[in-house]
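Values in this document were obtained by computation on a predicted structure and should not be read as measured data. Atom set for the values below is all heavy atoms of this structure, side chains included, hydrogens, waters and symmetry mates excluded.
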Amino acid sequence: QRIFLFPTSQRNSVSSKPKMKYFEPARSKPGGLDFLESRVKDVNNTRSERVDLTPAANELLKKLIVLHGPLMFHQSGGCCDGSAPMCYPRSEFKVGQSDVFLGWIGESGLETPFYMSGSQYEYWKHTHLTVDVVPGRGSGFSVEAPEGVRFLIRSRLFTDDEYHRLEATPIPSGQNH
């Protein structure tokens, strides 16, 4: 049995209505899809200008939310896949006080917070980050690993105007952003 979730940008050639995207979760979550209706959003739920998703990463993120519930990204800069963004269930990762909150990414209604370690942020603060997905296995700790794909970061330098505008806005840190 398929579960309807999201309209796509593709159009039905006969009616010009959006085609619908279906996902078939590998396992069911207790409580069904109720978490989509009852997720708690931060009062500062604004779109990020520092980080975004490719369409392919957004599709994978939607599928992973069905499988695992509300998620979050964290990029630590540590060993192993530390420079790759890790995707975790929100309830299973404790954000540290030195971590910085780069913003919310993903479609409206399924926004996902993106954090980065403070020391890693110092290296990346001049760049716009784009979360992408590619074939292959990354870290076994990130929820996309069993799907045979991994998230990675693509980046570009901010323009001078973008950088000065963003630098004028303090970046929240820790879990109390």
Side-chain angles (χ1 to χ4, degrees), residues 1-13 15-75 84-95 99-116 121 128-134 138 141-155 162 165-166 169-177:
Q1 203 172 15
R2 297 192 303 183
I3 299 173
F4 165 73
L5 284 179
F6 310 101
T8 69
S9 59
Q10 297 173 338
R11 298 281 172 183
N12 182 320
S13 60
S15 67
S16 82
K17 291 183 180 178
K19 289 183 178 178
M20 298 303 169
K21 184 76 169 187
Y22 292 86
F23 290 110
E24 297 178 9
R27 60 183 186 269
S28 62
K29 291 289 287 179
L33 298 177
D34 294 340
F35 69 86
L36 290 174
E37 314 306 324
S38 63
R39 72 192 179 289
V40 177
K41 294 202 298 192
D42 187 274
V43 293
N44 296 320
N45 187 7
T46 57
R47 301 296 305 158
S48 176
E49 294 182 70
R50 295 182 176 276
V51 63
D52 204 354
L53 290 165
T54 64
N58 190 59
E59 287 299 313
L60 177 61
L61 181 61
K62 290 188 300 188
K63 179 181 178 183
L64 294 171
I65 289 171
V66 170
L67 294 172
H68 302 283
L71 300 171
M72 63 167 293
F73 282 95
H74 187 272
Q75 187 168 331
M86 299 290 146
C87 187
Y88 303 110
R90 282 190 214 172
S91 62
E92 295 181 18
F93 187 89
K94 184 171 172 74
V95 175
D99 291 329
V100 295
F101 174 69
L102 297 183
W104 295 92
I105 58 175
E107 288 184 14
S108 179
L110 298 174
E111 294 92 347
T112 302
F114 191 102
Y115 297 90
M116 182 180 279
Y121 173 73
H128 179 272
L129 308 176
T130 302
V131 179
D132 200 358
V133 62
V134 295
F141 300 116
S142 194
V143 296
E144 82 280 3
E147 304 296 318
V149 294
R150 64 187 181 96
F151 288 115
L152 64 84
I153 290 292
R154 299 190 188 278
S155 63
E162 288 174 317
R165 185 173 34 80
L166 289 168
T169 306
I171 189 144
S173 63
Q175 55 193 330
N176 300 319
H177 64 272

Mind checking the CD-CZ spacing from E144 to F151? Nearest 0.5 Å is all I need.
5.0 Å
Could you tell me if the side chain of L64 sits less than 4.5 Å from the side chain of E147, heavy atoms only?
yes
In terms of heavy-atom contacts, P113 and L71 come closest through CD-O, 3.4 Å
In terms of heavy-atom contacts, does CZ of R165 have more than 12 from other residues, nucleotides or ligands at under 6.0 Å?
yes
Member of Y88, F73, Y115 meeting the side-chain contact (heavy atoms from CB on, under 4.5 Å) criterion with F93:
Y88
Contact between E49 and L166 at the side-chain level, heavy atoms closer than 4.5 Å - yes or no?
yes
Donor-acceptor contact present, side-chain E107 to main-chain N58, <3.5 Å
no
Separation between CG of D99 and CD of Q75, rounded to the nearest 0.5 Å
11.0 Å
Would you confirm whether S142, through its side chain, and C87, through its main-chain N or O, come within 3.5 Å as a donor-acceptor pair?
yes
Can you tell me how far apart CG (L61) and OG1 (T54) are? Round to the nearest 0.5 Å.
10.5 Å
Side-chain donor or acceptor of T130 paired with backbone N/O of H128 under 3.5 Å
no
For R50 against I171, the heavy-atom pair lying closest together
NE-CD1, 3.6 Å
Shortest non-hydrogen separation from V133 to A57 and the atoms involved
CG1-N, 3.7 Å
Check I105, L60, T112 against V131 for a side-chain contact (heavy atoms from CB on, under 4.5 Å) and give me the one that passes.
I105
Do the non-hydrogen side-chain atoms of V95 and M72 ever get within less than 4.5 Å of each other?
yes
Without swapping roles, check the side chain of E111 against the backbone of G109 for a donor-acceptor pair under 3.5 Å.
yes
Could you tell me the separation between the CG atom of L53 and the CD atom of E59, rounded to the nearest 0.5 Å?
10.5 Å
To the nearest 0.5 Å, tell me how far K94 NZ sits from H74 NE2.
12.5 Å
Measuring from M86:CE to R150:CZ, what's the distance to the nearest 0.5 Å?
9.0 Å
